[in-house]
There are 2 protein chains.
Amino acid sequence: MQLFLSKFKNKIDQKGRVSIPSQFRNILFQDGSQKMFCYPSLDAEAIDAGGDSLSRDIYALMDNLDPYSDEKDFLSTALFGLSEELRIDSDGRVILSDVLIQHAKIRDEVIFVGLGQKFQIWEPNRFSNYLQEAQKKVREQRLLLSKKNKGF
Amino acid sequence: MQLFLSKFKNKIDQKGRVSIPSQFRNILFQDGSQKMFCYPSLDAEAIDAGGDSLSRDIYALMDNLDPYSDEKDFLSTALFGLSEELRIDSDGRVILSDVLIQHAKIRDEVIFVGLGQKFQIWEPNRFSNYLQEAQKKVREQRLLLSKKNKGF
DNA sequence: AAAAATACCATGTTATCCCATAAATACCCA
DNA sequence: TGGGTATTTATGGGATAACATGGTATTTTT
C-alpha cells in the first residue's frame, strides 16, 4: 500500500484552484477515482484528505458503532455531513469549498502534509506552529519508543 | 541482512544531484525498490536514511497507535510529514529536498556514514566535529568500563 | 444574462533520462 | 606477479518530459 509522505507548498490561484502534489495525486489515482475525499479535521485547523481507502475506513468505523447511539449520530454529522468529494480536473487541481477554507483559515497558499493513509492541508504559518509542537511531542515519546524499536 | 558500513564523501552538482555510494546503493536495491527513505535526524544535524527495512520499522511503529487519536496525528505529522522517499535515478543519484538540506546545513559536498541498518548524510565539517566529540566520549566511557572489563 | 465550473492551452521551472568522460576498481592471462 | 584490459563508479552536460501555475475559451448552472 502506498503512503502519503513528505510535505509540499502550493499556491491557490484567483479561481481558487490548487494543484495536488503529483506524488499524492498518483496515489489518489491508483484506484481509478478522479476524486479527493476531504473534510474539516476534527482536532486541528486543517483539512483532512485522502482517497477511496480513507472514505472506506471511515465508513467502516461508523459501521462498528451502535446504530441508534448518539455517538454515531454525532460522528456521522461531523464527518459525513461536512465531508466532500472534490473533483480533480485534467491538470490535477481541485477547488476547495468555502467551508473547508474557512475551517483551515486558508488564504492563497497551502501546505500538503502526508500522514500515511491520509494527508492534511494547512495554512503555512499555522502548520509550522503545529509542526513544532508535534516535534516536541515526538522527542518526548521517543524515549519510550526507542526501547522497543531498534534503530529509529 | 546487509549492513551499511564505512563512510564516503560525494559531491552535489549544480542540479542538486548526489551519487549514493555504490555499496549503499546495492543494499537499497536488494528489495527491488528504487527509493531511498529519509528524514531529518531527530538528534543530529544530519539526514537519516535507509531502505525498505527502515521505513517498515517506522510504519510498524505508527500502526500500533490508535488510528483516530490526536497522539497519532502528532506523531505522523512529525514522522510521515518530514519523511521522504527519494527516487534513485538511473545513474544512482538522488536530489535532496530543501527541508533536508537546511536541516543538515549541507552545501556542495556530503558524507555518507554507515550506521548498520541505516546511514546518515552529513555536511563534512559538521561530521568531523561530531566524530571528534564522539571519540572523546568513547574514551571517557572506556576508562570507566575498563575498571570492570579489562581488555576493552 | 451572470456566475461558476470545466476544458484547453501556454509558460517557466524543475526533475528525469540519456550519454560522455575520467578515475578508480576489478579481472584476466601470460 | 605484473601489466594491460574491461568494468564499475562518480560526475558533468544536453535533451526531454513532468509539473505547477497562469490564462483564455467553452460549457453548465442558476
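Chain naming here is simple, since letters A, B, ... match the order of the sequence lines and numbering starts at 1 in each. Quick note: numbers below take in every heavy atom, side chains included, and nothing from hydrogens, waters or symmetry partners. Everything numeric here is computed off the predicted structure, so don't read it as measured data.
With sequence neighbours excluded, no residue satisfies salt bridge (Lys or Arg N to Asp or Glu O under 4.0 Å) with B:Asp108. In this structure, the side-chain contact (heavy atoms from CB on, under 4.5 Å) partners of B:Gln135, at least two apart in sequence or on a different chain, are B:Leu131, B:Arg139. Every residue meeting the side-chain contact (heavy atoms from CB on, under 4.5 Å) condition with B:Phe29, not counting sequence neighbours, appears here in chain and number order: B:Arg25, B:Gln34, B:Ile88. With sequence neighbours excluded, the residues forming a ring pair (Phe, Tyr, Trp, His ring centres under 6.0 Å) with A:Phe4 are A:Phe24, A:Phe119, listed by chain and number. For A:Gln132, the side-chain contact (heavy atoms from CB on, under 4.5 Å) test picks out no residue, with sequence neighbours left out. Legend: residues meeting salt bridge (Lys or Arg N to Asp or Glu O under 4.0 Å) with A:Arg17, ordered by chain and number and at least two apart, are A:Asp13.
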Find every protein N or O atom lying less than 3.5 Å from an N or O atom of nucleotides 24-30 of chain D, and list the pairs.
unit_1	atom_1	unit_2	atom_2	d
D:dT24	O4	A:Lys15	NZ	2.2

Between the protein and nucleotides 19-21 of chain D, which nitrogen or oxygen pairs come in under 3.5 angstrom?
unit_1	atom_1	unit_2	atom_2	d
D:dA20	OP1	A:Ser22	N	3.1
D:dA20	OP2	A:Arg25	NH1	2.9
D:dA20	OP2	A:Arg25	NH2	3.3
D:dT21	OP1	A:Lys11	N	3.3
D:dT21	OP2	A:Lys11	N	3.2

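Where DNA chain C meets chain A (any atom under 4.0 Å from a heavy atom), the bounding nucleotides read 5' to 3' are C:dT6 to C:dC9.
Taking the screw axis at each terminus of the helix from C:dA1-D:dT30 to C:dA30-D:dT1 from five consecutive base pairs, the angle between the two is 40° to within rounding of 10 degrees.
A heavy-atom distance below 4.5 Å is found between the side chains of B:Pro21 and B:Asn10. The closest side-chain heavy-atom distance from A:Val113 to A:Trp122 is below 4.5 Å.
Residue pairs satisfying the salt bridge (Lys or Arg N to Asp or Glu O under 4.0 Å) criterion with at least one member in residues 34-51 of chain A, sequence neighbours excluded, are listed as follows: A:Glu45-A:Lys105, A:Glu45-A:Arg126, A:Asp48-A:Lys118. Among pairs with a residue in residues 58-68 of chain B, none fulfils salt bridge (Lys or Arg N to Asp or Glu O under 4.0 Å), at least two apart in sequence or across chains.
Distance, B:Ile88 CD1 to D:dT9 P: 13 Å, rounded to whole Å.
In this structure, the side chain of B:Asp89 engages the main chain of B:Asp91 through a donor-acceptor pair within 3.5 Å.
Here the shortest heavy-atom pairing between A:Met36 and A:Ile20 reads SD-CD1, 3.7 Å.
Note on A:Gln14: a side-chain N or O is less than 4.0 Å away from OP1 or OP2 of D:dG23.
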